[in-house]
Amino acid sequence: MRPLIVANWKMNPATREEARRLAALIRQGLSAVRGVEVVLAPPFPFLADVKLSCRGLIRLGAQDAFWETKGPYTGEVSPPMLKRLGVSHVILGHSERRGLLGETDEMVNRKVRSALSSGLRPIIAVGETERETREVVPPTIATELARSLAGIPRRSLERAIIAYEPVWAISTSRAGRPGTPDHATRRAIYIRKLLVKLLGGRVANTVRILYGGSVTAKNAAHYLSRDIRGMEGLLVGSASLNPGEFTKIVSSLGRGA
Ligand code: PGA
């Protein structure tokens, strides 16, 4: 399975021109890299520009989508709108949305259903807020995962992606300290086990698990273990706004042409 690298630009950059330039530089930097799947997730107003700048080589992601498909929902954007724009992936339940905007697991669940019915691949973000002090797995991961997937037909979840992002490791969070590769691998194994319980082995095995939180060119390759099935991709925030750095991250996981 090729590693999947998702660039979460969050509410950046400031203008269309910058977004276009950033996407074009990333595309240029990656033109000779093979064996990695890359998704750029810019803010909504830049999706069309980024799509043009990437000309089909890089996939397009959104940072959120509502659960209804149309109607009186001021400010919301529907999955079919995104699909028609050429978006293939959508990040749902990011900790910033959960924390700042009060997004709940139930809301994430509705969004996941709707994204799947519109043919988008949901990237469902889960992760604990506080770094544990003892070697106990925080219950947040299991709760968020179970609630976000509850009642969704198993077969449709083959297209789902889970992003494990400990909030304490996000570069802009208060603590903002990177986790270790060993910790990431242990969490990937733990999440895979939870998925097997929730979805059964066959479906669970098709779900990709990504790692996020202070990923840089220096540490990116370490989070993906080659010998056992651990993390299978990365969700990159701050470092994805620097085209040189992001290109290095992707190159470190792919192969040259
Ligand atoms: P970071 O952000 O790479 O800047 O830590 C990751 C994210 O929040 O998706």
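Each ligand, and each atom within it, is numbered from 1 in the order the structure gives. The shown structure was predicted, so the numbers you read here are calculated from the model rather than taken from an experiment.
- Cluster membership check: Val36 shares its hydrophobic cluster with Leu224, using side-chain heavy-atom separations under 4.5 Å among Ile, Leu, Val, Met, Phe, Trp and Tyr.
- Distances below 4.0 Å separate heavy atoms of His94 from the following atoms of ligand 1: 7 (C), 8 (O), 9 (O).
- Residue Arg98 forms a salt bridge (Lys or Arg N to Asp or Glu O under 4.0 Å) with just one option from Glu128, Glu106, Glu144, Glu103, and that option is Glu144.
- The contact set between ligand 1 and Ser238, taken as ligand atoms under 4.0 Å from a residue heavy atom, comprises 1 (P), 3 (O), 4 (O).
- Under a 4.0 Å heavy-atom criterion, Leu235 is in contact with ligand 1.
- Glu37 CD to Arg59 CZ: the interatomic distance, rounded to the nearest 0.5 Å, is 4.5 Å.
- The shortest separation from a heavy atom of Gly212 to ligand 1 is not under 4.0 Å, leaving the residue out of contact.
- Looking only at heavy atoms of the protein, atom 7 (C) of ligand 1 is closest to Glu165 OE2, 2.9 Å.
- Of all atoms in ligand 1, listed by their number and element, those nearer than 4.0 Å to a heavy atom of Gly237 are 1 (P), 2 (O), 3 (O), 4 (O), 6 (C).
- Counting heavy atoms under 4.0 Å from ligand 1, residue Asn8 touches it through the side chain alone.
- Within ligand 1, counting atoms from 1 as listed, the ones closer than 4.0 Å to a heavy atom of Gly213 are 5 (O).
- The N/O atoms of Ile170, backbone and side chain alike, include none that comes under 3.5 Å of an N/O atom in ligand 1.
- Interface atoms of ligand 1 facing Ser214, defined by a heavy-atom separation under 4.0 Å, are 1 (P), 3 (O), 5 (O).
- Of the N or O atoms in Lys10, one or more lie within a sub-3.5 Å distance of an N or O in ligand 1.
- Within the structure, the closest approach of Ala239 to ligand 1 does not fall below 4.0 Å when heavy atoms are considered.
- Taken to the nearest 0.5 Å, the CD atom of Glu96 stands 5.5 Å off from the CD1 atom of Ile170.
- Side-chain contact between Lys218 and Lys248 is absent, with no heavy-atom pair separated by less than 4.5 Å.
- For the atom pair Ile249 CD1 and Tyr223 OH, the distance stands at 10.5 Å (nearest 0.5 Å).
- With values rounded to the nearest 0.5 angstrom, Ile124 atom CD1 is found 4.0 Å from Ile162 atom CD1.
- By the 30° and 60° cut-offs, the orientation of the rings of Tyr73 relative to Phe66 is tilted.
- Nearest to atom 1 (P) of ligand 1 by heavy-atom distance, out of Ser240, Ala125, Ser171, is Ser171.
- The distance from the CD1 atom of Ile189 to the CG atom of Leu194 is 12.5 Å, given to the nearest 0.5 Å.
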